[in-house]
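Heads up, the thing below is written out as structure tokens.
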Protein chains: 2
Amino acid sequence: MTKQVNTTEESTKVFKALADPIRLEIIRYLNQLGHEVSCGEVGRVLAISKTSGSYHFKILQEAGLITAHKVAREKYVALDRSTFDQYLTHFWQNF
Amino acid sequence: MTKQVNTTEESTKVFKALADPIRLEIIRYLNQLGHEVSCGEVGRVLAISKTSGSYHFKILQEAGLITAHKVAREKYVALDRSTFDQYLTHFWQNF
DNA sequence: TAGATAGTTCAAAACATTTTGAACTATATT
DNA sequence: AATATAGTTCAAAATGTTTTGAACTATCTA
């Protein structure tokens, strides 16, 4: 056990990150795949410009909803399910 | 069983409603109380202007996060926990 | 080395949300 | 009837978010 409750500020950041159709589609795609992919692949599949993609991945990352690591030129992203658990699945427990 | 999955549009509406510190504080207060209260009381407790309160309650209501009914002059609101269950607690099931 | 590919950064433009105050409806109190 | 209270609506102002294109860094390929 590491934490008691989510502050309003933290929760706001997570819900803001979830409050956009493009980001929900990114999450949907990462969830379907079930493994990490490059930002480029996600962008091609969902037809997002690379600048816009870069912006959305940053928002998701700063909210802790995805993890990312760079391999040479490419950035690989995957869902961080523990954050979804903390803020969504266990919403009432941590609220 | 009434529904299979949440569309991106519906989910966006719910997460937008949750993505604001004032609205999260309203939800927090309604959750603590555990019973319905008038908008006026919530506004006084959280020190929100009545116009701003009216706006935020509308957003919460349109997202289905609260139920409301009028009794004479006053509007009573309470959390609609089934919506929280559908979009948060059972996020992955309905996604 | 030159050109291509993956992604980031920046500032401006476009767009969306929130706050404010005034005017309003409806109900309650004196 | 006059005044007060609870809440809504409207338009303008203030803020905040997202998109866009150009310029950039770093890595890869020929």
Side-chain angles (χ1 to χ4, degrees), chain A residues 8-30 33 35-79, chain B residues 7-30 33 35-80:
Chain A
T8 295
E9 205 186 348
E10 291 167 337
S11 299
T12 299
K13 190 166 210 178
V14 170
F15 289 126
K16 270 181 199 250
L18 292 166
D20 178 275
I22 292 185
R23 292 194 292 270
L24 285 177
E25 290 303 338
I26 291 174
I27 291 165
R28 227 182 257 290
Y29 183 65
L30 295 178
L33 272 186
H35 55 74
E36 64 177 23
V37 230
S38 70
C39 292
E41 175 181 330
V42 179
R44 275 187 301 280
V45 171
L46 304 182
I48 301 164
S49 77
K50 70 181 175 167
T51 316
S52 171
S54 189
Y55 169 71
H56 288 297
F57 286 115
K58 187 173 151 203
I59 299 281
L60 289 169
Q61 206 175 340
E62 288 178 347
L65 292 167
I66 60 173
T67 56
H69 70 280
K70 229 172 174 176
V71 174
R73 280 187 304 188
E74 294 171 298
K75 181 178 179 177
Y76 287 90
V77 294
L79 296 181
Chain B
T7 65
T8 295
E9 206 184 347
E10 292 166 337
S11 300
T12 299
K13 190 166 211 178
V14 170
F15 290 126
K16 270 181 200 250
L18 292 166
D20 178 274
I22 293 185
R23 292 193 293 268
L24 286 178
E25 290 303 339
I26 291 173
I27 291 165
R28 225 183 258 291
Y29 184 65
L30 295 178
L33 273 186
H35 55 74
E36 66 177 21
V37 229
S38 70
C39 293
E41 177 182 329
V42 179
R44 274 187 302 280
V45 171
L46 304 183
I48 301 162
S49 77
K50 71 181 175 168
T51 317
S52 171
S54 188
Y55 169 71
H56 288 296
F57 286 115
K58 188 173 153 203
I59 301 282
L60 289 169
Q61 205 174 341
E62 288 178 347
L65 292 167
I66 61 174
T67 58
H69 71 279
K70 229 171 172 175
V71 173
R73 280 188 304 189
E74 294 172 297
K75 182 178 180 177
Y76 287 90
V77 294
L79 295 181
D80 186 340

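Source: prediction; values computed, not measured. Lettering of chains follows the sequences in order, A, B, ..., and the numbering in each one begins at 1. The figures here come from the full heavy-atom set of this structure, side chains too, leaving out hydrogens, waters and symmetry mates.
When the C1' atom of C/dC15 is taken as reference, atom CD1 of A/Ile22 falls 13 Å away, rounded to whole Å. Going from atom CG of B/Asp20 over to atom P of D/dG16 covers 11 Å, rounded to whole Å. Atom NZ in A/Lys16 sits about 14 Å away from atom P in D/dT15, given to the nearest Å. In this structure, B/Phe15 places its CZ atom 19 Å from C1' of C/dA16, rounding to the nearest Å. Nucleotide C/dA6 holds its P atom 16 Å from the NE2 atom of A/His69, rounded to whole Å.
Under a 4.0 Å N-O distance rule, the pair B/Glu41/B/Arg44 does not qualify as a salt bridge. For the pair B/Lys13 and B/Glu10, the salt-bridge criterion is not met [side-chain N within less than 4.0 Å of a carboxylate O].
In this structure, the side chain of B/Thr12 engages the main chain of B/Thr8 through a donor-acceptor pair within 3.5 Å.
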Nucleotides 3-11 of chain D: protein proximity per nucleotide (B base, S sugar-phosphate only, - neither; heavy atom, under 4.0 Å)
-BBSBBBB-
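Heavy-atom nearest nucleotides on DNA chain D were determined for A/Ala19 and for A/Val71, and the one closer to the 5' end corresponds to A/Ala19.
For D/dT19, one of the phosphate oxygens OP1 or OP2 lies less than 4.0 angstrom from a side-chain nitrogen or oxygen of A/His56. At least one side-chain nitrogen or oxygen of A/Ser52 sits closer than 4.0 Å to the OP1 or OP2 atom of D/dT19.
Here the OG-CG distance, from A/Ser11 to B/Asp20, works out to 12.0 Å after rounding to the nearest 0.5 Å. Interatomic distance, B/His56 NE2 to B/Glu25 CD, rounded to the nearest 0.5 Å: 11.5 Å.
When each of B/Leu18, B/Leu79, B/Asp80 is paired with B/Leu65, the side-chain contact (heavy atoms from CB on, under 4.5 Å) condition holds for B/Leu18 and for no other.
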